[in-house]
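First the structure, in the form of structure tokens, and then the observations on it.
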Amino acid sequence: MQLLSFLALGLGASDVCALLRFSCSGLVTERLDPLVNPGVKGLPHLHQIIGGNAFNVTMDPKADISTMATCTTCTFSEDISNYWTAVLYFRARNGTFKRVPQIGNQNFEAANWGMTIYYSPYTAKGIKTTAFQKGFRMLVGDPSLRNKEGADKYRQLTYTCLKLQVLGREKRRICQINLVRLESWRTSGFRRVGMVNFENNGPCPSTHPVKIPQLFFEVVWDTRKFNDKSLWPIDGSQPFVWSYGDATGCGTHGDYVFGWKGDSLQKAMDSNCNINCPALKTQSIADANKCSLKSVVTEDIDSWLTELPGGMPVVE
Ligand SMILES: *[C@@H]1O[C@H](CO)[C@@H](O)[C@H](O)[C@H]1NC(C)=O
Ligand SMILES: *[C@@H]1O[C@H](CO)[C@@H](O)[C@H](O)[C@H]1NC(C)=O
């Protein structure tokens, strides 16, 4: 096991195969969650956040964050949204924790860590996909879950270990975690594609007839520095623990606050862009890397720690 990532795969087989795929570099890593614990600094567990630098302890749904940020870490520079996930730690045999490096994805290796983001209109011909509106936010997953029955409620959240990923010119064995993230307004129509369960172009319920984009995050962790099994738990169990105290992986989750400027996301959905999108403004990964945000919660997250940040207990 060498690299871990969240994966988004959903190509082919739908009426419209277009999708945006782009890099958003790391913005800040801290214990804030403006969706679940608005206004509270240092709660609950450590998150890694990408996107616009208007991310804050409070994010008012009535405020237009696209006008509040001065920069974004996304290469589509009109995307001021924020996206976040929990952070992965290695728990050594002696009980101490070390953060697992999170790295840029294939083709986005120049990013200062970060994630790969995908938006897809996935719709039948003639049916319009409506971009998220100002104030839209969503989350998927539940950090309290620790078993398969619970995790089965969130089939969009998946992990994969890959044997190979081409990084630069070197082929390396990797391990990958998948997260496929769906809009909340579609029901049924789950399909199985490879190892990834996701819903593609399912019918909208009559109560929620508006088709909105599918959004995926893909996140890669480089676990290679923890390959030495003599440091792993003595019972041979796997050594990785999420920052919310989960050694099972069942409670993985992701969050989103919409923040595209003006009608830029709608333009991208309407033009069925594939990977790149001439309808959108772009910036280089080097420029995206320059956007950053100072943590408002200052604490050590990178040493060998005797407990997870915030003292999160590991609940198996
Ligand atoms: C975060 O919010 C505080 C007030 O709650 C404000 O002073 C600060 O400037 C905000 N930070 C950013 C980056 O918008
Ligand atoms: C625990 O083990 C790690 C890995 O060998 C080591 O770096 C760290 O210093 C150890 N911590 C303690 C408190 O022994």
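For ligands, and for the atoms within them, numbers begin at 1 and follow the listed sequence. What you are looking at is a predicted structure, and each value in this text was computed from that prediction instead of being measured.
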Query raised in the report: ligand 2 versus Leu231, non-hydrogen atoms closer than 4.0 Å: side chain, backbone, both, neither?
Result: side chain

Query raised in the report: How close does the nearest protein non-hydrogen atom get to atom 11 (N) of ligand 2, and which residue and atom is it?
Result: Asn94 ND2, 3.0 Å

Requested in this report: List the closest protein heavy-atom neighbour of atom 13 (C) of ligand 2: residue, atom name, distance to the nearest 0.1 Å.
Outcome: Thr96 CG2, 3.8 Å

**Report entry** Any side-chain donor near an acceptor of the partner, Gln48 and Thr85, under 3.5 Å
**Finding:** yes

**Report entry** Per-atom contact, atom 4 (C) of ligand 1, protein heavy atoms, under 4.0 angstrom
**Finding:** no

Query raised in the report: Counting heavy atoms only, which of Val296, Val28, Asn56 comes nearest to atom 6 (C) of ligand 1?
Result: Asn56

Query raised in the report: Ser25 and Asn289: side-chain donor and acceptor closer than 3.5 Å?
Result: yes

Report task. Tell me yes or no: between the side chains of Asn53 and Thr70, is some donor less than 3.5 Å from an acceptor? Result -> yes

Query - Distance-only donor-acceptor check, side chains Thr58 and Asn56, under 3.5 Å - result: no

Query raised in the report: Between Asn53 and ligand 1, which part of the residue brings a heavy atom under 4.0 Å of the ligand: side chain, backbone, both or neither?
Result: backbone

Query raised in the report: For Thr73, does its backbone N or O pair with a side-chain atom of Lys290 as donor and acceptor, under 3.5 Å?
Result: no

